Structure formats: structure tokens, C-alpha cells
Chemist: 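To start, I am sharing the structure in question, which I have written as C-alpha cells.
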Amino acid sequence: MFADADLDAAIGTVISAFVFNSGQFCMAGPRLLVERPIYEVVLGILAEAVPQVPFGDISDPATVIGPLASRGQLEKVSGIVDRARAAGARVVTGGEPVDLGGGFYYAPTVLADLDPSAEAVVEEIFGPVLTVQPFDTEDEAIALANGTRYGLASGIQTSDLARAHRVAARLQAGITWVNGWAVLDPAIPFGGVKASGWGREGGPEAMASYQRAHSIVIGLGTEDAR
């Protein structure tokens with residue numbers, strides 16, 4: 001998120017990207033990089049906005065954030081957050097399991113001031129947890145964004161179209177959304193790089209997996225034939 005982004009729209013996108021399905025989906029956006037001039041502003045907005053997202057019983061149509069899938073997943077998420085806190089991370093909001101009389105609920109959590117190599121930053125959490133890191137330059141932002149073994153989805157929040165193209169071209173990800181998240185279409189190839197998978201679904205690229213190349217090489221009996 002660059003300082004020239006539309007903050008209202010960007011914050012809405014960030015929240016929806018990390019709380020959808022309680023963060024338990026492949027395209028979750030659990031890592032947020034924020035240009036330093038707006039870093040504390042963004043953290044302040046998140047501290048106020050995230051607790052307002054409807055959380056709890058999934059039988060209530062108004063609920064946005066429900067429980068985690070299992071006790072094991074709850075323990076995994078709790079452990080990652082607890083270790084981040086012990087290592088000095090700032091818990092902006094959340095950071096604890098929630099007892100609602102049944103179900104494996106974990107409060108939507110925002111962590112700040114983490115080391116780039118922290119477990120919560122470099123590993124997939126699959127829970128409603130967002131890590132927030134500051135950056136000063138485009139090069140630093142790109143280095144931080146690419147500093148993980150995963151590379152399925154990425155996003156850029158900016159009002160500068162030239163910057164969007166410039167940064168997107170350098171991100172190691174299968175898809176990059178500019179000023180949005182999880183916008184998909186069957187015509188768009190979908191898949192990751194690095195440890196985030198092989199091959200593509202959707203688009204003409206997906207058809208290649210159903211095809212088999214057959215090379216035919218004919219010798220013409222000339223000196224130049226190879």
C-alpha cells in the first residue's frame with residue numbers, strides 16, 4: 001500500500017482479503033506492506049475497523065468471520081501469534097482465542113513491527129491474522145513482498161498507474177491485483193509460482209495441460225539436414 005492510495009478503499013480491500021473464510025483460503029492476503037508515511041495511520045484505522053467486522057456464529061447471515069476448521073488449526077494460529085508476541089511484535093488488535101460456547105474461534109488479529117524473517121510473516125497462517133510491515137522505497141517493498149517461498153497472489157494499492165505496472169512486473173506471484181483483491185474470471189490464468197503450485201487453471205494456458213505435443217522431424221537426405 002503506497003501513500004497515494006485511496007485509504008478508504010484500500011483498507012476495505014485489506015480487511016476483506018485477510019478475513020474472508022476466516023483467512024482459510026489460498027488467496028488470503030495475510031501480509032500487508034505499507035509505505036512509512038502512512039504506516040501508523042493505517043494501523044490506527046485497522047485497530048478501529050477490524051473489531052467492527054461481524055464475528056461469531058456462522059448461522060447468523062450477518063457474520064463475516066466465523067470459526068477455524070479444527071482445534072488443531074486454532075492451536076496452530078494461537079501458537080504463531082503467541083510466538084510473534086514473545087518476539088516483540090505489536091498486537092494492534094485481537095491476538096486471542098474467543099470462547100463463544102463452542103467452535104474454534106480466534107479473534108481477527110493485526111500484528112505490527114515484525115522482523116521480515118518472522119514466522120508469522122513468511123509462513124502461511126490460514127487464520128484471521130494480518131501482519132503489517134513498513135517500507136520506504138519501491139525496491140524495499142518489492143524485496144519484502146518477494147521475501148517468502150510462496151507466490152500465489154499479490155496486490156498493489158496506489159493511484160499511480162505507472163507505478164502499478166512497474167511494481168507488478170517485479171512481483172513474484174501468479175496474479176497481481178491493483179486496487180482490488182480476489183477478482184477472478186475463467187478467462188484469466190490462475191496459479192502460483194515458487195512453492196505455490198505448478199500449472200494454471202483458467203484461460204488458454206490451462207488448455208495446455210490437456211494437450212500433448214508431438215514433434216515430427218523429417219530428414220530430407222541433404223547435407224544440411226541435422
Side-chain angles (χ1 to χ4, degrees), residues 1 9-33 42 45-82 84 91-111 119-132 145 148-157 173-186 188-197 199-202:
M1 184 188 299
I11 291 293
T13 297
V14 165
I15 293 176
S16 64
F18 93 91
V19 304
F20 177 78
N21 204 34
S22 302
Q24 301 168 113
F25 77 123
C26 63
M27 292 180 297
R31 303 172 62 221
L32 175 62
L33 311 176
V42 168
I45 296 173
L46 289 171
E48 293 184 5
V50 170
Q52 304 306 313
V53 180
F55 167 78
D57 187 354
I58 56 174
S59 66
D60 183 345
T63 296
V64 174
I65 309 173
L68 295 174
S70 66
R71 183 178 302 280
Q73 187 60 20
L74 177 63
E75 292 173 352
K76 174 190 174 183
V77 173
S78 296
I80 290 175
V81 173
D82 289 346
V91 179
V92 176
T93 186
E96 299 289 346
V98 179
D99 184 0
L100 295 180
F104 308 112
Y105 292 91
Y106 197 87
T109 298
V110 177
L111 302 175
E119 176 189 22
V121 173
V122 300
E123 294 298 331
E124 291 187 323
I125 300 175
F126 272 77
V129 179
L130 177 71
T131 64
V132 188
T148 170
R149 62 195 179 101
Y150 300 107
L152 181 60
S154 60
I156 301 169
Q157 295 289 327
I175 190 167
T176 299
W177 292 290
V178 177
N179 299 330
W181 194 265
V183 180
L184 296 174
D185 185 277
I188 299 175
F190 177 76
V193 299
K194 298 190 284 189
S196 289
R200 292 293 181 267
E201 298 177 5

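Just so you know, these numbers come straight off a predicted model, no measurement behind them.
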Chemist: Mind checking the OH-CD spacing from Tyr150 to Glu123? Nearest 0.5 Å is all I need.
Modeler: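 Between atom OH of Tyr150 and atom CD of Glu123 there are 4.5 Å.
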
Chemist: Return the CD1 to CG distance between Ile15 and Leu130, rounded to the nearest 0.5 Å.
Modeler: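 If I round to the nearest 0.5 Å, the distance is 9.0 Å.
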
Chemist: If you round to the nearest 0.5 Å, how far is SG of Cys26 from CG of Leu152?
Modeler: 5.0 Å

Chemist: Is it the case that atom CD in Glu201 sees more than 12 heavy atoms from other parts of the structure closer than 6.0 Å?
Modeler: no

Chemist: Looking at every heavy atom in both Thr148 and Lys194, which two are closest together, and how far apart are they?
Modeler: O-NZ, 2.6 Å

Chemist: Quick one: are Ser16 and Val64 in side-chain contact, heavy atoms under 4.5 Å?
Modeler: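 No - every pair of side-chain heavy atoms lies 4.5 Å or more apart.
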
Chemist: Locate the shortest heavy-atom distance separating Gly191 from Arg200; write the atom from each residue and the value.
Modeler: C-NH1, 3.3 Å

Chemist: Can you tell me how far the CD atom of Glu124 sits from the CD1 atom of Ile80, to the nearest 0.5 Å?
Modeler: 10.0 Å

Chemist: If you measure from CD1 on Ile175 to CH2 on Trp181, what distance do you get to the nearest 0.5 Å?
Modeler: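 Answer rounded to 0.5 Å: 9.5 Å.
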
Chemist: Could you go step by step and tell me if Val42 and Leu32 meet the side-chain contact (heavy atoms from CB on, under 4.5 Å) rule?
Modeler: CA-CA 10 Å; Val42 168; Leu32 175 62; 4.2 Å; yes

Chemist: Which distance, rounded to the nearest 0.5 Å, do you find between the CZ of Phe20 and the CE of Met27?
Modeler: 7.5 Å

Chemist: Just by modelled atom types, is the Ala107 backbone N or O under 3.5 Å from a matching donor or acceptor in the Thr109 side chain?
Modeler: yes

Chemist: Please report the shortest heavy-atom distance between Ala120 and Thr131, naming the atom on each side.
Modeler: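 Nearest pair, atom of Ala120 first, then Thr131: O-CG2, 3.5 Å.
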
Chemist: Show your working on side-chain contact (heavy atoms from CB on, under 4.5 Å) between Asn179 and Gln157 and close with a plain yes or no.
Modeler: CA-CA 5 Å; Asn179 299 330; Gln157 295 289 327; 3.5 Å; yes

Chemist: Please name the pair of heavy atoms, one in Pro67 and one in Ser22, separated by the smallest distance, quoted to 0.1 Å.
Modeler: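 That closest heavy-atom pairing would be O-OG, 3.5 Å.
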
Chemist: Is there a side-chain contact between Arg31 and Val121 in this structure, where contact means two heavy atoms from C-beta onward sitting under 4.5 Å apart?
Modeler: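 Yes, their side chains come closer than 4.5 Å.
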
Chemist: Start with the C-alpha gap between Phe18 and Val129, add the side-chain angles, then the distance that decides, and say whether side-chain contact (heavy atoms from CB on, under 4.5 Å) holds.
Modeler: CA-CA 7 Å; Phe18 93 91; Val129 179; 5.7 Å; no

Chemist: Which heavy atom of Ala153 sits nearest a heavy atom of Trp177, and at what distance?
Modeler: CB-CZ3, 3.4 Å

Chemist: Is there a side-chain contact (heavy atoms from CB on, under 4.5 Å) between Phe104 and Gln73 once you walk through the steps?
Modeler: CA-CA 8 Å; Phe104 308 112; Gln73 187 60 20; over 6 Å; no

Chemist: Which heavy atom in Ser154 sits nearest to a heavy atom in Thr176, and how many Å separate them?
Modeler: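 So the two residues come closest at OG-OG1, 2.6 Å.
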
Chemist: Which side-chain N or O atoms in residues 48-61 pair as donor and acceptor under 3.5 Å with protein atoms at least two apart or in another chain?
Modeler:
unit_1	atom_1	unit_2	atom_2	d
Asp57	OD1	Ser59	N	2.9
Asp57	OD1	Ser59	OG	2.9
Asp57	OD2	Ser59	OG	2.8
Asp60	OD1	Ala62	N	2.9

Chemist: Are any non-hydrogen side-chain atoms of Tyr105 and Pro97 less than 4.5 angstrom apart?
Modeler: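 Of all side-chain heavy-atom pairs linking Pro97 with Tyr105, none is under 4.5 Å.
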
